[in-house]
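Everything below concerns the one structure shown next.
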Amino acid sequence: MMNEPGWADQYTIMYSSITILKDILLCTGIIVNKSLVVRTNIDTIPNNLNLDSFHPFNKSINP
């Protein structure tokens, strides 16, 4: 396989293409992750939230 005349050129093209695609995906992931972190910080539950008066299951277990 390595003795074929065009092998080195094909290998270089494939390696370069995969490297460029990998870098694009990594950059996209970082941008998305940063925007999700900013959005998550906005949507967090406040620390002073009082849930003591919240009783979603008012029914008794044994009828």
Tell me every residue that passes side chain to side chain contact (heavy atoms under 4.5 Å, CB included) with Ile24, counting only those two or more places apart in sequence or in another chain.
Ile20, Thr28

Going by the rule side chain to side chain contact (heavy atoms under 4.5 Å, CB included), which residues pair with Thr19 if we only count those two or more places apart in sequence or in a different chain?
Tyr15, Asp23

First locate atom CG of Leu21, then atom CG of Leu26, and finally report the distance between them rounded to the nearest 0.5 Å.
9.5 Å

